[in-house]
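One structure below.
Residue numbering restarts at 1 for every chain, and letters A, B, ... go by the order of the sequence lines. Source: prediction; values computed, not measured.
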Number of protein chains: 2
Amino acid sequence: MTTIYIAEDQEMLNSALSAILELENDFNIVGNATDGKSALSQTTALKPDVAILDIEMPYLSGLEVAQQLRILKQDIKIVILTTFARKKYFEAAVNAQVDAYLLKDSPTDKLVETINKILDGQTIYDSNLVSSILTASKNPLTPQELKIMKEFSQGKTTQEIAESVFLSNGTVRNYISSILSKTGTHSRIEALNIAKKNNWID
Amino acid sequence: MTTIYIAEDQEMLNSALSAILELENDFNIVGNATDGKSALSQTTALKPDVAILDIEMPYLSGLEVAQQLRILKQDIKIVILTTFARKKYFEAAVNAQVDAYLLKDSPTDKLVETINKILDGQTIYDSNLVSSILTASKNPLTPQELKIMKEFSQGKTTQEIAESVFLSNGTVRNYISSILSKTGTHSRIEALNIAKKNNWID
DNA sequence: TAACTGATATGACAAATGTCATAAGAATAA
DNA sequence: TTATTCTTATGACATTTGTCATATCAGTTA
């Protein structure tokens, strides 16, 4: 019998998954949460064989929960289950040595199958995810430019950005000018729209 | 026996709901789709008793599907199932005379319960939704201001907006100035951030 | 009716934004 | 070693943006 813990903040999916996995003869749902903090404390207490973790949850993200569980060296298989095919998320998941990374854009059969495979020692990364990351138009912005973009995405003015990143006003304007040119735009808002569409920023 | 059709673009939830509702003795899932267009053509063909419609789907939104079904005067109970507690969506749903509006932030039990109630002739609006709409800080922008805001959210410049809405450049600037003052901000980006947080725009 | 709000407009002004040329040091790649 | 890229910076310039005062006209509300 395999014990499973589910952390998913969307109630509908959370309860639906619990019900479905319970139907499998060899699975037993031992608990579930809708936020990361409860998920972490309960998985450490209940020690299930498998934890299914959503990424975007209140208090602690599923990725942070996974990291903690690895730091605690708990013997647990981790499945990250998310809507987002974001490179950043995927990289963090790989670093946390999760056993599977699955998109919610897969049917439940796939989840069951995945759980069985990771119990077998395999590591499963959603193939749609991997290909979508590879085909994603890659970010042409330098780290510094990205940093500046995140600043102005909050609505900060050039001067505020300059102060917050310890650069001169002119340098910040140069970076922005470069961002605009790389995105083929002529204003911060347009640049932000492009960056969001391409998942360069949230 | 009640026949049910499910339209939900997130595969995981779609298949999970199908499986769960199938478990109920008196429910029979007769079809499901992950986009609005198939949902509309199949519900008109299969004539299920109940259609569960997600809002945000490719090609046609669940709300549009609901509208069409009402125009066609098909005898069908409609449940809108969505993540979003947006006033606009809710109003559109009420106008389309849907039988229930449920948030994905409710457990599956609630869905089953809701389906049974609407089959009984009741109309069910998620109580969390209704209260969240009532408490939502209401939009202080006039229709015209909102229109202008949508324009600049696309990154348009004052001049472009002026041309697209047939106003003078100065008038557009006045509107924007008024928007900034109402949102307590000093730049378009800040104003957009506030508006998004409060769901005044998408 | 009087007061208010909304839509529209102009003109003037200060501040912010975006563009360019130019430069220099550091790091990295060829 | 040379070429390229990244980070940082300045100065100058044109344009855009945001603010204010002011005004007219049409509705709506008190």
Item checked: CG (B:Asp75) with more than 12 external heavy atoms under 6.0 Å -> no

Close N or O pairs between protein and nucleotides 19-22 of chain C (under 3.5 Å):
{"unit_1": "C:dT19", "atom_1": "OP1", "unit_2": "A:His186", "atom_2": "ND1", "d": "3.0"}
{"unit_1": "C:dT19", "atom_1": "OP2", "unit_2": "A:Ser177", "atom_2": "OG", "d": "3.3"}
{"unit_1": "C:dC20", "atom_1": "N4", "unit_2": "A:Asn174", "atom_2": "OD1", "d": "3.1"}

Is the shortest distance from a Lys or Arg side-chain nitrogen in [X] or [Y] to a carboxylate oxygen in the other one below 4.0 Å?
| X | Y | value |
| --- | --- | --- |
| B:Glu151 | B:Lys147 | no |
| A:Lys104 | A:Asp54 | yes |
| B:Glu145 | B:Lys182 | yes |
| A:Arg70 | A:Asp99 | yes |

Next item on the list: Would you list the pairs meeting ring-ring contact (aromatic ring centres under 6.0 Å, His included) in which at least one residue belongs to residues 101-129 of chain A, sequence neighbours left out?
Entry: A:Phe90-A:Tyr101, A:Phe90-A:Tyr125

Protein-nucleotide distance ([X], atom [atom1]; [N], atom [atom2]), rounded to Å:
| X | N | atom1 | atom2 | value |
| --- | --- | --- | --- | --- |
| B:Ile179 | D:dT19 | CD1 | P | 11 Å |
| B:Ile161 | C:dT8 | CD1 | P | 14 Å |
| B:Ile189 | D:dT16 | CD1 | C1' | 14 Å |
| B:Phe152 | C:dT17 | CZ | C1' | 16 Å |
| A:Asn169 | C:dG18 | CG | P | 12 Å |
| A:Leu167 | D:dT10 | CG | P | 10 Å |
| B:Gln144 | C:dT8 | CD | C1' | 9 Å |
| B:Tyr175 | D:dT19 | OH | C1' | 17 Å |

State whether [X] places a side-chain N or O below 4.0 Å from either non-bridging phosphate oxygen (OP1 or OP2) of [N].
| X | N | answer |
| --- | --- | --- |
| A:Gln159 | C:dA16 | no |
| B:Ser168 | C:dT8 | no |
| B:Thr171 | C:dA9 | yes |
| B:Ser187 | D:dG18 | no |
| B:Thr158 | D:dT17 | yes |

Check: Between A:Asp49 and A:Thr3, do the side chains contain an N or O donor and an N or O acceptor separated by less than 3.5 Å?
Finding: yes

Check: Going by distance alone, is a donor N or O of one side chain under 3.5 Å from an acceptor N or O of the other, for A:Glu163 and A:Gln159?
Finding: yes

Check: Would you say A:Thr185 and A:Asn193 make side-chain contact, with heavy atoms under 4.5 Å?
Finding: no

Next item on the list: Dot-bracket notation for DNA chain D is requested: 5' to 3', Watson-Crick or G-U wobble pairs only, both distances under 3.5 Å, with ( ), [ ], | and . as defined.
Entry: ||||||||||||||||||||||||||||||

